[in-house]
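See below for the structure under consideration.
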Number of protein chains: 4
Amino acid sequence: MAQTRAPRADAVRNRKKILDAAREQITLHGPDAGMDEIAAAAGVAVGTLYRHFPTKTDLVAAVVAEYTTHVAEAAEAARERLATGARAVDEITDFLARVTEATATNHAVKVAARALGADPADRDAEARAGAALAALIQAGQADGDIHQDVTVDDIYLLFSTAPTDQPPAARARWLTLVLTGLTTHTRTGGTGIAS
Amino acid sequence: MAQTRAPRADAVRNRKKILDAAREQITLHGPDAGMDEIAAAAGVAVGTLYRHFPTKTDLVAAVVAEYTTHVAEAAEAARERLATGARAVDEITDFLARVTEATATNHAVKVAARALGADPADRDAEARAGAALAALIQAGQADGDIHQDVTVDDIYLLFSTAPTDQPPAARARWLTLVLTGLTTHTRTGGTGIAS
Amino acid sequence: MAQTRAPRADAVRNRKKILDAAREQITLHGPDAGMDEIAAAAGVAVGTLYRHFPTKTDLVAAVVAEYTTHVAEAAEAARERLATGARAVDEITDFLARVTEATATNHAVKVAARALGADPADRDAEARAGAALAALIQAGQADGDIHQDVTVDDIYLLFSTAPTDQPPAARARWLTLVLTGLTTHTRTGGTGIAS
Amino acid sequence: MAQTRAPRADAVRNRKKILDAAREQITLHGPDAGMDEIAAAAGVAVGTLYRHFPTKTDLVAAVVAEYTTHVAEAAEAARERLATGARAVDEITDFLARVTEATATNHAVKVAARALGADPADRDAEARAGAALAALIQAGQADGDIHQDVTVDDIYLLFSTAPTDQPPAARARWLTLVLTGLTTHTRTGGTGIAS
DNA sequence: CATGAATGAGCGTTCATTCAT
DNA sequence: AATGAATGAACGCTCATTCAT
């Protein structure tokens, strides 16, 4: 009897609580946040935590996957704005700023993921983000705003190492410097001495 | 365990062996490389390791200090080559390539240092590196090759996040992208719109 | 190592097993009895031991507390027997013999407690023991059997140093000698000069 | 050549320095005073320490032996004063007070000796002390001041557990209580109620 | 004979993971 | 399915003792 009811909802709710607690605890106490601490913060017992995520690595990978999904959605939203007349280079700039910001929030989680060798996890989200980003780049190149040689991999290469543990001012300066390497616009208007 | 029956190297030799083993093991197994593993890799007993470095933090700090000294020497050598007619922008490029290379070797060590709260260690070496770098930047700006707004902190900001765990080809590409943000030279010859 | 494959005793039973094992191991091997040894003797893993007692100090303090409670109960039982016509000096004698006996079992534990700086632990039990003992002394003094100047602190002072590592015969002799200092009774009938 | 000279004097001096340092360090830092600390305090290297005392147990035993010798000498001096008309019970009282005092100074050393299972060490000194004490007791019994049943072992039994870690006032009170058990003198002059 | 660097078993403690309830 | 007590390998570190110099 009762084929479709109650237990499901609880499990889903627990999964969410655990993921939130994990992100929070890792952000707070670093990669060494214990499974017991995370379970306690989530209001469940360790056993329950392990029912949802068989290893710590799996848990951290899931937290990262949430973030990856978030990034993919941001990339797709940016691409869609192109259809409504937005300029590609502006969308890319905005997107990268947003990603850098979000990554800063998740810095400790990323460190933990690397320490544990956690998989990039959500291949689907990555593919969606990659496709959207490729479209944005292509549009920017068509506009003449983005260097012809820039690829999606370039973006990944640069932003995978954003200084997300630095204060906002430093992050902003970093973004400026890096964007100058991607776009065709010079930063300072030059000094008139350029070779 | 030490197979060669310890031919009684003196303390200086042991210190070197331990530092090398520490760098190697941390690079190999991450910040969690055990003191016992490091000692074994160095061919000494744990006690010896602890005689030289009272805590793991001290050990990691010493490894970082070696690297910092190395960087400082490279920066000073580059500055000295200016006197013999070298072009500043070329020296900076070379220096950064070299540092990125060296940092790749020390990436995990840096992570470990941060995880353990190890001191920036060698203030003197840092000061020397900063001074030399400032001279190089100034010369590059006088030549018109480096953007007027570039500072030593910019260099630090960018290179503290070099993708040192990526393969050489990726690191080379990263360097290219980042240098474009520092120099007044355009990368691709542009699309006809570039400055 | 646990041969019987741990029939899943509940926490209360384990706590008792650990306390017993701790008392036994410390009595056997002195304050340096290892936590691993104690755990093995209790038939649990170290982790379980640490779940019940977060530090060695806590464990030793708990063992001492058990003993203190035991003493307090003996003292109160002795006092209650006064109401049924028992002679105070006899009850005191019995009580001290019993305590000396019990202390012999706990000698090494006390030493360990001091070595680790473990708290006097059970203030409540101590207060109860003190109150009962004071009543007994007062009754004994009213009977004229106990010297007027004897206090509870005197008893503590003497019995805190009972030769609990000596064989029973020596302990009995010690008790005789010490009681002579507390009671108004002479021991040997004297030499004709005694009061 | 030079058959009888130099090296001897150095060795003797070192032995003394080490024993003094050991007593001092153990008194200061408890039984856990390290061999390195003791060697450093003595101004020698560990190797030298180990040449004089093959194990820590041997070292502590030697420190205790020094103290035992001191006690033996005090006992013999007391006995000799009998010949000059001193009253035995007074000499015994003085002697025990002095021993208690000296033991208080060496409390930590004794604890260390017990922890290490160090031998009573100096059999000769013990024999001399025992003989002198026996003579004193016999004289006191002849005077009618000491209970007829008191033996040298009784004294050892009581004083081996003097509360040497207590403040002077407590130690004095303890002495008073214990002596009352040995002598035929009552402490308070009684209450007139004594049985 | 002194030195002090080297040894390595051992300690107290932690924590990802398992499993009886 | 959830619980949380139990597990035990592993960690950083100490220190009595050894031995090449």
Side-chain angles (χ1 to χ4, degrees), chain A residues 6-8 10-11 14 32-40 44-57 59 116, chain B residues 1-2 5-15 32-40 43-57 59 116, chain C residues 1-2 5-15 32-40 43-57 59 116, chain D residues 6-7 10-11 14 32-40 43-57 59 116:
Chain A
R8 200 74 243 194
D10 258 41
N14 270 345
D32 297 337
M35 293 297 262
D36 283 18
E37 287 173 79
I38 293 171
V44 302
V46 246
T48 304
L49 192 164
Y50 274 92
R51 172 167 299 277
H52 287 278
F53 306 97
T55 69
K56 188 173 187 179
T57 300
L59 172 58
L116 293 166
Chain B
M1 279 119 201
R5 193 86 279 276
R8 175 59 185 186
D10 58 1
V12 174
R13 182 140 41 245
N14 269 344
R15 199 191 138 90
D32 298 337
M35 292 297 260
D36 284 19
E37 288 173 78
I38 293 171
V44 302
V46 239
T48 303
L49 193 164
Y50 276 95
R51 167 174 282 271
H52 288 276
F53 305 98
T55 69
K56 189 174 187 178
T57 300
L59 173 59
L116 293 166
Chain C
M1 281 121 202
R5 194 86 275 279
R8 176 61 185 185
D10 58 0
V12 174
R13 181 140 42 246
N14 269 345
R15 200 191 136 90
D32 298 335
M35 293 296 262
D36 284 18
E37 287 172 77
I38 293 172
V44 302
V46 241
T48 303
L49 193 163
Y50 276 94
R51 167 175 284 272
H52 287 277
F53 305 98
T55 68
K56 189 174 186 177
T57 300
L59 173 58
L116 293 167
Chain D
D10 258 41
N14 269 347
D32 297 337
M35 292 297 261
D36 283 18
E37 286 174 80
I38 292 171
V44 303
V46 246
T48 303
L49 192 162
Y50 273 92
R51 171 167 301 274
H52 287 277
F53 305 97
T55 69
K56 188 174 188 178
T57 300
L59 173 58
L116 293 166

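Side-chain atoms are counted along with the backbone in the values below, which use heavy atoms only and exclude waters and symmetry mates. Per chain, numbering begins at 1; letters A, B, ... match sequence-line order.
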**Asked** In dot-bracket, 5' to 3', how would DNA chain E read with Watson-Crick or G-U wobble pairs under 3.5 Å, [ ] for crossing ones and | for pairs to another strand?
**Response** .||||||||||||||||||||
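- An OP1 or OP2 oxygen of E:dA6 is reached within less than 4.0 angstrom by a side-chain nitrogen or oxygen of B:His52.
- One finds the CG atom of A:Asp32 at 9.5 Å from the CD atom of A:Glu37 (value rounded to the nearest 0.5 Å).
- With sequence neighbours excluded, the residues that form a side-chain contact (heavy atoms from CB on, under 4.5 Å) with D:Phe53 are D:Arg15, D:Ile18, D:Leu19, D:Asp58, D:Leu59, D:Ala62.
- Among F:dC11, F:dT17, F:dA5, the nucleotide with an atom closest to any side-chain atom of D:Thr55 is F:dT17.
- The nearest whole Å value for the distance from the CG atom in D:Leu59 to the C1' atom in F:dC15 is 15 Å.
- The two residues C:Ile38 and C:Ala33 have their closest heavy-atom pair at CD1-O, 4.2 Å.
- To the nearest angstrom, P of F:dG4 lies 17 Å from CD1 of A:Ile38.
- Distance, A:Met35 CE to F:dG4 P: 16 Å, rounded to whole Å.
- When every heavy atom of A:Ala45 is checked against every heavy atom of A:Ala39, the shortest pair comes out as C-CB, 4.0 Å.
- At E:dT3, one or more side-chain N or O atoms of D:Thr48 fall inside 4.0 Å of OP1 or OP2 (strictly under the cut-off).
- Taking atom NZ of residue B:Lys56 and atom P of nucleotide F:dA10, one finds them 15 Å apart after rounding to whole Å.
- Atoms CZ and CG, from C:Arg51 and C:Asn14 in turn, are 10.5 Å apart once rounded to the nearest 0.5 Å.
- Between B:Gly47 and A:Leu49, the one whose closest nucleotide on DNA chain F sits nearer the 5' end is A:Leu49.
- Projected onto DNA chain E by closest heavy-atom contact, D:Ala45 and C:Tyr50 fall at different nucleotides, the more 5' of which corresponds to D:Ala45.
- Partners of B:Ala40 by side-chain contact (heavy atoms from CB on, under 4.5 Å), not counting sequence neighbours: none found.
- Going from atom CZ of B:Arg51 over to atom C1' of E:dG8 covers 14 Å, rounded to whole Å.
- Contact annotation: C:Asn14 side-chain N/O to F:dA5 OP1/OP2 distance is not under 4.0 Å.
- In this entry the distance linking CZ of C:Arg15 with C1' of F:dG4 reads 17 Å, nearest Å.
- In this structure, D:Leu116 places its CG atom 9 Å from P of F:dA16, rounding to the nearest Å.
- Here the CG atom belonging to B:Leu49 is positioned 4.5 Å from the CE atom belonging to B:Met35, to the nearest 0.5 angstrom.
- F:dA16 atom P lies 11 Å from atom CG of C:Asp32, rounded to whole Å.
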